[in-house]
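Take a look at the structure below.
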Protein chains: 2
Amino acid sequence: MVLSDKQLQILETAEKLFASKGFDGTSVRDIAEEAGVNLAMISYYFGSKLKLMEAIFEKRSMNVRERVDHLLQNSALEPMDKMYLLVDEYISRVMEKQQFFKIMLCEQVVNKNPVIIKLINELKFKNAESITRLIKDGQKRGAFKKNIDVVFMMSTMIGTITQVMISQDYYREFHNLQSLSDEQFDTHIKKKLGTYIKTIFKEILSYEG
Amino acid sequence: MVLSDKQLQILETAEKLFASKGFDGTSVRDIAEEAGVNLAMISYYFGSKLKLMEAIFEKRSMNVRERVDHLLQNSALEPMDKMYLLVDEYISRVMEKQQFFKIMLCEQVVNKNPVIIKLINELKFKNAESITRLIKDGQKRGAFKKNIDVVFMMSTMIGTITQVMISQDYYREFHNLQSLSDEQFDTHIKKKLGTYIKTIFKEILSYEG
DNA sequence: CAAAACTAAACAAACGTTTAATTAAATCAA
DNA sequence: TTGATTTAATTAAACGTTTGTTTAGTTTTG
């Protein structure tokens, strides 16, 4: 699906508002006004509010699998280093597309919309597949332990990152980082979080503990 | 605030519906019908839909601090064992009050309602305080490392548990546990998750790694 | 018999979507 | 290139529902 500038603007505005006020908390009129387009244009382009949401998911779901696979095939890296790459990739993705991940989180909880739930589960499944493949490879090569719970590992990764994302302000206050610029803080928290999760993953995956 | 049977039923129905359809996705009429009360009774008892939500938070926030403190003072346990107790307490709380934690999660993301956000932050702050105290005690007694990031630790605990909770069905399918009864599965996942998080915490907190 | 509990009906406002009319852009024979 | 004609884009207004809340009246309770 190829999108015009106006369609893109509607999509981005909708993503922003859905993230900050929820799907049901955002009216089509809100989106139209904030995007600076006529109310009817949204139905005209996307059909309905629900299909607008689906369009957001379609846009954000594109190429996810490809990027991860490219990351993991690419090199002759050790399994653990590949896992570290994956962690950094995940952190970047969540922090850069915060709005989308907020929407995903709420939609998973509310799970009112079967179409969206299906899209989310597909994304999850693809991720689980990539990670499972990586873990099995690591186990074959003797770098990783046996008996690793992939679902728990994924839950820790996405759960920790998401929690940190939605409580960034709290983190900033707690560690007295108000003096940093937004950009500096973003870099800081990404780096710290990366190191932290890698430590955990090293413990979970490797023998030496 | 003392609540009559009818008020309690409204509150419980609202909690259930808010969790499964979201605050804005649930109408006051939905709640009234499901609770089997007249529409006007909700305004009569609680004033408004929003205050109904606040009443849910008030009810669920009661005694949280007391319970945690009692858990931690109580015994002559090692710091690490106290932390393990806390992990189990957290898992039980989230799994038993799933609906409320779903609501909390969405409200944090959407953060449209300042009153609710304030209540959530108070809860978070109390928890952070208790954990910080426990960690400092453990450090003083030489059982815990220095340089422990409490916010990250809390994010891992609550984030992992929450993720596992909202993707229970996925976990059940992934591990082929459909033969277990709901109750058996609940016991199983709580135990596994407890062991898993404790392993992580041991690595984060203790010297031996 | 006064206070509390409860009800059906009504309220205005907001909702997602559609309509009918208008303007802009693209297509194309001359 | 011109002017005619079709297609796409855009608009204000209206549609019928649903929304949260209130009202005015009735029943129940202490």
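Nucleic acid contact for A:L39: base, since at least one base atom lies under 4.0 Å from a heavy atom of the residue. Within 4.0 Å of B:T26, counting heavy atoms only, lie sugar-phosphate atoms of the nucleic acid but no base atom.
Taking only side-chain atoms of B:A40, from C-beta outward, the nucleotide of C:dT7, C:dT18, C:dG16 with the closest atom is C:dT7. Which of D:dA14, C:dC6, D:dT11 sits closest to the side chain of B:K6 comes down to C:dC6. Side chain of A:S27, nearest nucleotide from C:dG16, C:dC6, D:dG20: C:dG16. Among the nucleotides D:dA12, D:dT22, C:dG16, the one closest to the side chain of A:N38 is D:dA12. Picking from C:dC6, C:dT18, C:dC15 the nucleotide with the shortest atom distance to the side chain of B:Y45 gives C:dC6. Out of C:dT17, D:dT10, D:dT21, the shortest distance to the side chain of A:S48 is found at C:dT17. With distances taken from any side-chain atom of B:V28 to the nucleotides D:dT21, D:dT10, C:dT18, the minimum falls on D:dT21.
Here the P atom of nucleotide D:dT21 and the CD1 atom of B:I31 are 10 Å apart, to the nearest Å. Atom-to-atom, CD of B:Q9 to P of C:dC6 comes out at 11 Å; the value is rounded to the nearest Å. In this entry the distance linking NZ of A:K49 with C1' of D:dT18 reads 13 Å, nearest Å. As rounded to whole Å, 6 Å separates atom C1' of D:dT10 from atom CE of A:M41. Between B:L52 atom CG and D:dT21 atom C1' there is a gap of 14 Å when expressed in whole angstrom units. Summarising the geometry, the separation between NZ on B:K21 and C1' on D:dT18 is reported as 12 Å, rounded to the nearest angstrom. Distance, A:D24 CG to C:dA14 C1': 14 Å, rounded to whole Å. If you measure from atom CD of B:E33 to atom P of D:dT18, you get 12 Å, rounded to the nearest angstrom.
Between C:dA5 and B:Y44, a contact under 4.0 Å exists linking OP1 or OP2 to a side-chain N or O.
A residue-by-residue look at A:G25 and A:S43 shows that A:G25 has its nearest nucleotide of DNA chain C further toward the 5' end.
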Please test A:Y196 against B:T156 for side chain to side chain donor-acceptor pair (under 3.5 Å), starting from the C-alpha separation and ending with a verdict.
CA-CA 10 Å; A:Y196 169 74; B:T156 294; 2.5 Å; yes
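Ring planes of B:F18 and B:F23: tilted class, angle from 30 to 60°.
B:Y84 and B:F201 have their aromatic ring centers separated by at least 6.0 angstrom.
B:R93 places no side-chain N or O within donor-acceptor distance of the main-chain N or O of B:F101, the cut-off being under 3.5 Å.
For the pair B:K192 and A:F152, the cation-pi test (distance below 6.0 Å, angle within 45°) is failed.
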